[in-house]
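In what follows, a structure is listed as structure tokens, so that the remarks can point back to it.
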2 protein chains.
Amino acid sequence: MGNDARIGANAFAGSEPDQDGHGDPDDLRGSWSDAHADFLSSLSEEETAGLLKIARRVELKPRGQLFRAGDRSNDVFIVADGCIRLFQVSSTGKETILWFSFPGEIFGIAELWSGSDREIYAEANEATRVYSIRRSDFAEFLGTHPEVSMRAIGILSARVRTLGHAMVGLATDNVETRIARLLLRFAAVSSVRPCDDTGDGAEHELCVNVRLTHQDVANLIGASRQTVTSTLTVLRKRGTLRAVNQHFHIIQPERLRRALELGAA
Amino acid sequence: MGNDARIGANAFAGSEPDQDGHGDPDDLRGSWSDAHADFLSSLSEEETAGLLKIARRVELKPRGQLFRAGDRSNDVFIVADGCIRLFQVSSTGKETILWFSFPGEIFGIAELWSGSDREIYAEANEATRVYSIRRSDFAEFLGTHPEVSMRAIGILSARVRTLGHAMVGLATDNVETRIARLLLRFAAVSSVRPCDDTGDGAEHELCVNVRLTHQDVANLIGASRQTVTSTLTVLRKRGTLRAVNQHFHIIQPERLRRALELGAA
DNA sequence: CAAGATTTGTCGGCTGGCCGACATAGGGGG
DNA sequence: CCCCCTATGTCGGCCAGCCGACAAATCTTG
């Protein structure tokens, strides 16, 4: 079953040559409940094929917009590769990033049911390919594949839990804690793609494999850009983080994790 | 269909004499997406009967605990009457209330899929009756009732959206705004039961029909108890709120709503 | 109905993090 | 290769909201 999953993902992601070998360590599976649950991987080969048939390919440049608040919700999307930023904008112009969707993840389902307008924005965080499925087609697919409905429920559940955690953090933790937690979460979730950093003794490090500006981090944890900058500097000086290419590595994941468990569970 | 819904809810709520006449105004249906979507009302008579058959009745005293973080997630619950508070506790002992579940609403589904342990606490906010359905039974029920699966998806979606709103608010709004928004939300959602206040010209007022201590409000919006107290006092002095029995009335809902739309959408 | 427990109300001191303002530093396109 | 636009880093002033500490009011329960 775990193998079917891989095949499913491959079928969808298409013609990646390096695809077979992205060895995400199994221990990350443990944090599953925190991830937004790779939808594609959970499907069987036939199911994936069925979805492929009704999907339409969409290519997005970096910063390309997929939909915005107020749009009619006509489609459900699945990330093939790249990554999509989902955010809301308050009337003061402040963005709040709700989550990122990584390869295999589905998004736009929350609007599926009510058929109401979008309430959030979806933008490509980098060059990204997504598959677009018409709402009605997807609904029909769910109707004829009860198993898949269950998966959808599972995914939405995971998202509810993630948002719950985020809320608790926002309400009780200080900025440093929130950043630490965020990085750990993203490390787990962004491990779907391999890190390009050929280890210089970096085997025990945890890679946060997403390009995140300080502003992004700020919008994710509800803090100001400046505070994020200075907090990250502190963490780097303290030897917790290391900047690699365009992203971060967490030097001693275990130490950080333990610190968080003590500081706030 | 709207009528079937009512019947369904009645069948479940059981032997309430005053049940038929709880005339919730139709205009509140508009804020559907914000509510946690009355699960029972959305079921047909047969579906409700089917659920009843596999459900077990549970009675809870005020403050009675239904489950706690760490418990095995063996059941899914539906509120018959009363109301349930769902919250998380950080290691510092601070509670964060995620949401309240009102009659007809289902909760505990988020844990259903992963079968993992509970991450949250569920307590009765007052004397409450809930129906408890074994996880496996409910999963089977969903499998044999695709329609109901879709409803479940809709409900989880609504919850995702609600949490999203809450997060944005937490990240961008000040305490006064958050309280105002909370009260409007609860007014909509708590209108499932009638207000006991026989109007003394209170027809245009909006009733927030839940017993909420200031501490509860604080835990809901991520603020301190003291700040909530003083903010509520300000709102009362300004003529926005009125205390009735154990709950609040919003004097001029429209005015408040407009103020919020301007202040932060 | 009295006593304990919970909730509400109020004050002042303190501070984490916001905001504005600026100086660099990259880095991608022409 | 240079220019411009975006991202990073740093500083100081300022204030919303936190916290501790109490008193009054209200509710619950024997």
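Hydrogens, waters and symmetry mates are skipped; everything else that's a heavy atom, side chains included, is used. Just so it is clear: chains get the letters A, B, ... in the order the sequence lines come, proteins before strands, and each one is counted from 1. Keep in mind it's a predicted model, so treat the numbers as computed, not measured.
- Atom CZ in B/R63 sits roughly 15 Å away from atom P in C/dA5 (whole-Å rounding).
- Using a cut-off of 4.0 Å between Lys/Arg side-chain N and Asp/Glu carboxylate O, A/E95 and A/R85 are scored as not salt-bridged.
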Given ring pair (Phe, Tyr, Trp, His ring centres under 6.0 Å), test B/F186 with B/F248 step by step and report yes or no. CA-CA 10 Å; B/F186 268 51; B/F248 278 112; over 10 Å; no

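- Using a 4.0 Å cut-off between charged nitrogen and carboxylate oxygen, B/E205 and B/R242 count as a salt-bridge pair.
- Residue contacts for A/T233: at a heavy-atom cut-off of 4.0 Å it reaches the sugar-phosphate backbone alone, with no base atom in range.
- Within 4.0 Å of A/R236, counting heavy atoms only, lie sugar-phosphate atoms of the nucleic acid but no base atom.
- Per the geometry, NE2 belonging to B/H247 stands 18 Å off C1' belonging to C/dT7, to the nearest Å.
- Scanning residues 218-229 of chain B for heavy-atom distances under 4.0 Å to DNA chain D yields B/G222, B/A223, B/S224, B/Q226, B/T227.
- With rounding to the nearest 0.5 Å, the separation of NE2 in A/H214 from CD1 in A/I179 is 8.5 Å.
- B/E111 and B/S73 get closest at one heavy-atom pair: CB-OG, 3.5 Å.
- Rounded to an integer number of Å, the gap from CG of B/L212 to P of C/dT6 is 18 Å.
- Proximity of B/I221 to B/R181: side-chain heavy atoms (C-beta onward) are nowhere separated by under 4.5 Å.
- Rounded to an integer number of Å, the gap from NE2 of A/H214 to P of C/dC18 is 15 Å.
- Whole-Å rounding puts the B/L241 CG to C/dG9 C1' distance at 16 Å.
- Ranked by how close their nearest DNA chain C nucleotide is to the 5' end, A/Q246 and A/E176 are led by A/E176.
- Rotation axes derived from the C1' atoms of the five outermost pairs at either end of the helix from C/dC1-D/dG30 to C/dG30-D/dC1 lie 60° apart, to the nearest 10°.
- Between A/L241 atom CG and A/H249 atom NE2 the span is 11.0 Å, to the nearest 0.5 Å.
- Put simply, chain B comes within 4.0 Å of DNA chain D, heavy atom to any atom, from D/dG17 to D/dC27, going 5' to 3'.
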Tell me, with the steps shown, if B/Q88 and A/H165 meet side-chain contact (heavy atoms from CB on, under 4.5 Å). CA-CA 9 Å; B/Q88 258 174 322; A/H165 283 154; 3.2 Å; yes

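- Atom CD of B/Q215 is separated from atom P of C/dA5 by 18 Å (rounded to the nearest Å).
- Ring pair A/F100/A/F102 is parallel by interplanar angle, where below 30° counts as parallel and above 60° as perpendicular.
- Once rounded to the nearest 0.5 Å, the distance linking CZ of A/R178 with CG of A/L170 reads 5.5 Å.
- Remark: the A/R56 side chain and the A/Y131 side chain contain no N/O donor-acceptor pair separated by less than 3.5 Å.
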